[in-house]
Protein chains: 4
Amino acid sequence: MKNTVNHEKNDKHEQILRAAIKTFARKGFYNTRISDIAKEANVADGTIYLYFKNKDILLVSLFEESMNQIIQMVNERLSSITDPIEQLRAFIKIHFELIKKDKFLAEVISVELRQSNKFIKEYKNIKFKEYLNIISGIIRDAQAKGLVAKHLMPGIIKRMVFGALDELTLIWVLAGDSKYSIEKLCKDAAEVLINGIAIKK
Amino acid sequence: MKNTVNHEKNDKHEQILRAAIKTFARKGFYNTRISDIAKEANVADGTIYLYFKNKDILLVSLFEESMNQIIQMVNERLSSITDPIEQLRAFIKIHFELIKKDKFLAEVISVELRQSNKFIKEYKNIKFKEYLNIISGIIRDAQAKGLVAKHLMPGIIKRMVFGALDELTLIWVLAGDSKYSIEKLCKDAAEVLINGIAIKK
Amino acid sequence: MKNTVNHEKNDKHEQILRAAIKTFARKGFYNTRISDIAKEANVADGTIYLYFKNKDILLVSLFEESMNQIIQMVNERLSSITDPIEQLRAFIKIHFELIKKDKFLAEVISVELRQSNKFIKEYKNIKFKEYLNIISGIIRDAQAKGLVAKHLMPGIIKRMVFGALDELTLIWVLAGDSKYSIEKLCKDAAEVLINGIAIKK
Amino acid sequence: MKNTVNHEKNDKHEQILRAAIKTFARKGFYNTRISDIAKEANVADGTIYLYFKNKDILLVSLFEESMNQIIQMVNERLSSITDPIEQLRAFIKIHFELIKKDKFLAEVISVELRQSNKFIKEYKNIKFKEYLNIISGIIRDAQAKGLVAKHLMPGIIKRMVFGALDELTLIWVLAGDSKYSIEKLCKDAAEVLINGIAIKK
DNA sequence: AATGAATGAGTATTCATTCAT
DNA sequence: GATGAATGAATACTCATTCAT
């Protein structure tokens, strides 16, 4: 989030996006007023419309821009790993690192993504699919290397992996008093998911 | 809701609930108008308020009543199985059977549940927790019988299982042209999840 | 109120009227629901419409029937008095007696009469005018007998008298803990009003 | 309401208040729609809510602000008069002057005040009590100077005076074709009320 | 670019009234 | 006559969006 290339002092765009994330996380998309975001961002209501066409687009932009950064970072980190199983483990690790780094964003993505995919008109969340396809890419590679059974369909596995991680995200993010540490969640998730798909030697 | 005994086919309560499920599935909770539901249910707008206090409560009731039926059915079906691993397999099977039987309901639960948990004031989805606890109960039993490693926390596993199943629900329910059959989803899910947690012999 | 000629045991008409008076007094005409009155009267909502065309007519009937009884009683009591000044004194006395006897009715008449006169469509409160004209009749008689100055217009005086009495009604009726006794109000009112119009000897 | 200094002729606050007075006078509080007021004020419906929290508060503000001006003006005018009897006469005169100057306001205050006192939640019309207390103040002064009998209670007299004046207000304000001139009403009222309470020499 | 006052379309909910039983 | 479930018209209020400054 912080590794963006915006070096403007007065970066309203970023300012509004952060305020939107925080407010959507707290109140949800439909219960958030543009004026709530404006207040949080310390700008006038109208200013938001100078940077984002409307409320829907604000949420969409938030997804797009966040996913962009995440995807870039994930790809970078994975590029130095060759074993697909280790790549999957790393993917899971990075997922939880990101959640820890930006709880609000994690909450917005986890809670609002489904709704928006379906109900924000004309929106196909390409970036989200790209994120999911990192997983299926790893699976395919693993299958090619004989590490994962060929009959498991990568399109299904990627969703199961994401679903499992996303649900764990939720419990960490929604519980103020996290019963489970990020590290434990990460460790168990990696163990179960890798055991689940890897061919046993 | 009503203190009358509803044995009529023309049960307004049921009629409205079905209409709500269908409409929430199609348009989402926040984009559904009470008048949409009324039209779908072939009743007047005001009639809905004779059976449900308000729109929030309508969604909540929908969850409660549906989960009640589901939980009862799942428990019944699982009661005749003793091997916890087979119970888990059966649980997964039933999950997909239910989805197939009531696509609209599956969609509403999968898409709206998260939002409602957090944003419908004062709502603690006890029934949903009860559903999740069926899974953790199975896991605990399996651990007691030495079938699942003790260090895996049932509270985490239940969420991973649900998350994975729920995400698969989504792809089947949202894709008009299901690329994957329910049966394939069920089979892969069971395989991966059981492999993931079961101790390898 | 109690001297009506209804000797039916199950007099719904009277029952509803009493419930309406009580409820209008407590909540005001516009804030009273037909169902409130029905509940108070221990009848079904629909039953009210068997006795009164609609909510407006219920208020109107309430005025008409109450004023009828009041006028009849006042006329009866005044008929045995010949001195117009004493008649006025008696009128004032009776006014307060009535208030004391039926506080709820007094409150409804005092608080709702103005609104209804103006805003209930097509309603000309003839009975209320008849009540006022008792006062102007007394004044005219007094003027004929040289007890009240001729230049005072009975149409004005009747209103002043009513306005003064009505305002005192209000303070007694609205104050749960009446600071002033009915008797004191009555005595002062009679003194001031009679002194105000009678020619000093 | 607004923290801006309103010195413009085109003051929305004032504009809305005037429109509200006119519309409440014509149709009554409960029969007036916010959109009626908006139309009369030549603003959008929503604009009203920028200046007044809700419909109840609009009526309350109308009372408060009007009574404030009235009280200030009355006190000013009375301050130059020393004889309490003449003060009372002046008070009555001013009352009718105000009615003549703003018929709509007079009508709203006279017709809606009672209702609002009782049925607008949490509203204690302090300003109205302040207005009434001008009268009782005069009476007390007159009693101290031996001009009014001590046994008459100022708390009762103030109400009688107000009731009488208010009722006369009504007949002038409601009658399109005023049978009685303001001047005649004023003269008779002053004569009767002063005769009514002053000790005869 | 930034503001925030003004707009007015949009909707949940209420409640007087009806009418089948 | 009595009921009360059903109706649906009516409306206060909200809030995304615009635009004059």
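Within every chain, numbering begins at 1; the chains are lettered A, B, ... in the order of the sequence lines, protein sequences first and strands thereafter.
Distances shown here put every side-chain N or O of C:Lys55 at or beyond 4.0 Å from the OP1 or OP2 atom of E:dT17. Within the structure, every side-chain polar atom (N or O) of C:Lys12 is placed at least 4.0 Å from both OP1 and OP2 of F:dG1.
At whole-Å resolution of the value, CZ in C:Phe52 and P in E:dT18 are 16 Å apart. The interatomic distance linking C:Asn31 (CG) with E:dA16 (P) rounds to 11 Å, in whole Å. As a whole-Å value, the separation of C:Leu50 CG from E:dA16 P is 17 Å. For the pair B:Asp36 CG and E:dG10 P, the interatomic distance rounds to 13 Å; values are reported in whole Å. Atom NZ of B:Lys39 and atom P of F:dG8 are 12 Å apart (whole Å). Following rounding to the nearest Å, C:Ile37 (CD1) and E:dA16 (P) show an atom-to-atom distance of 8 Å. To the nearest angstrom, C1' of E:dA1 lies 13 Å from CD of A:Gln15.
Between D:Glu40 and D:Ala19 the shortest heavy-atom distance is CG-CB, 3.5 Å. Between A:Ser66 and A:Leu105, the shortest heavy-atom contact is OG-CD1, 3.4 Å. When all heavy atoms of A:Ile48 and A:Ile16 are compared, the pair lying nearest together is CA-CD1, 4.0 Å.
Remark: side-chain polar atoms of D:Thr32 are paired, donor with acceptor, to backbone N or O of D:Thr23 under 3.5 angstrom. Although no hydrogens or angles enter the test, the distance criterion places a donor-acceptor pair under 3.5 Å between the side chain of A:Asp36 and the main chain of A:Arg33.
Stretches of at least 3 consecutive Watson-Crick or G-U wobble pairs, with each checked distance under 3.5 Å, appear in DNA chain F as E:2-21 with F:2-21.
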List, with names and distances, any nitrogen or oxygen atoms from the protein found under 3.5 Å away from nitrogen or oxygen atoms belonging to nucleotides 9-11 of chain F.
unit_1: F:dT11; atom_1: OP1; unit_2: D:Arg33; atom_2: NE; d: 2.8

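Comparing D:Tyr49 and C:Val43 by the nucleotide of DNA chain F that holds the closest heavy atom to each, the one mapping nearer the 5' end is C:Val43. Each of B:Asp56 and C:Asp56 was matched to the nucleotide of DNA chain E holding its nearest heavy atom; the match closer to the 5' end belongs to B:Asp56. Toward the 5' end of DNA chain E, the nearer of the two residues C:Lys53 and D:Asn42, judged by each one's closest nucleotide, is D:Asn42.
Residue B:Met67 forms a side-chain contact (heavy atoms from CB on, under 4.5 Å) with just one option from B:Ile109, B:Ile126, B:Leu62, and that option is B:Ile109.
Distance from the side chain of C:Thr47 is smallest to F:dA2 among E:dA2, F:dA2, F:dT7. Residue C:Asn54 places its side chain closer to E:dT17 than to any other of F:dT7, E:dA12, E:dT17. Of all nucleotides listed (E:dT3, F:dA2, F:dT3), F:dA2 comes nearest to the side chain of C:Tyr51. The side chain of C:Ala44 lies closest to F:dG4 when the candidates are F:dG1, F:dA6, F:dG4.
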With side chain to side chain donor-acceptor pair (under 3.5 Å) as the criterion, how do A:Tyr30 and A:Glu112 come out once you've worked through the C-alpha distance, each side chain's angles and the decisive distance to 0.1 Å? CA-CA 10 Å; A:Tyr30 286 101; A:Glu112 307 292 341; over 6 Å; no
Would C:Val111 and C:Leu170 count as a side-chain contact (heavy atoms from CB on, under 4.5 Å) if you check the C-alpha gap in whole Å, the side-chain angles of each, and the deciding distance to 0.1 Å? CA-CA 8 Å; C:Val111 175; C:Leu170 258 192; 3.7 Å; yes
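A salt bridge between D:Asp102 and D:Arg18 is present, with a side-chain N of the basic residue lying under 4.0 Å from a carboxylate O of the acidic one. Ionic pairing of B:Glu107 and B:Arg26 is not present here: no N-O contact between side-chain nitrogen and carboxylate oxygen is shorter than 4.0 angstrom.
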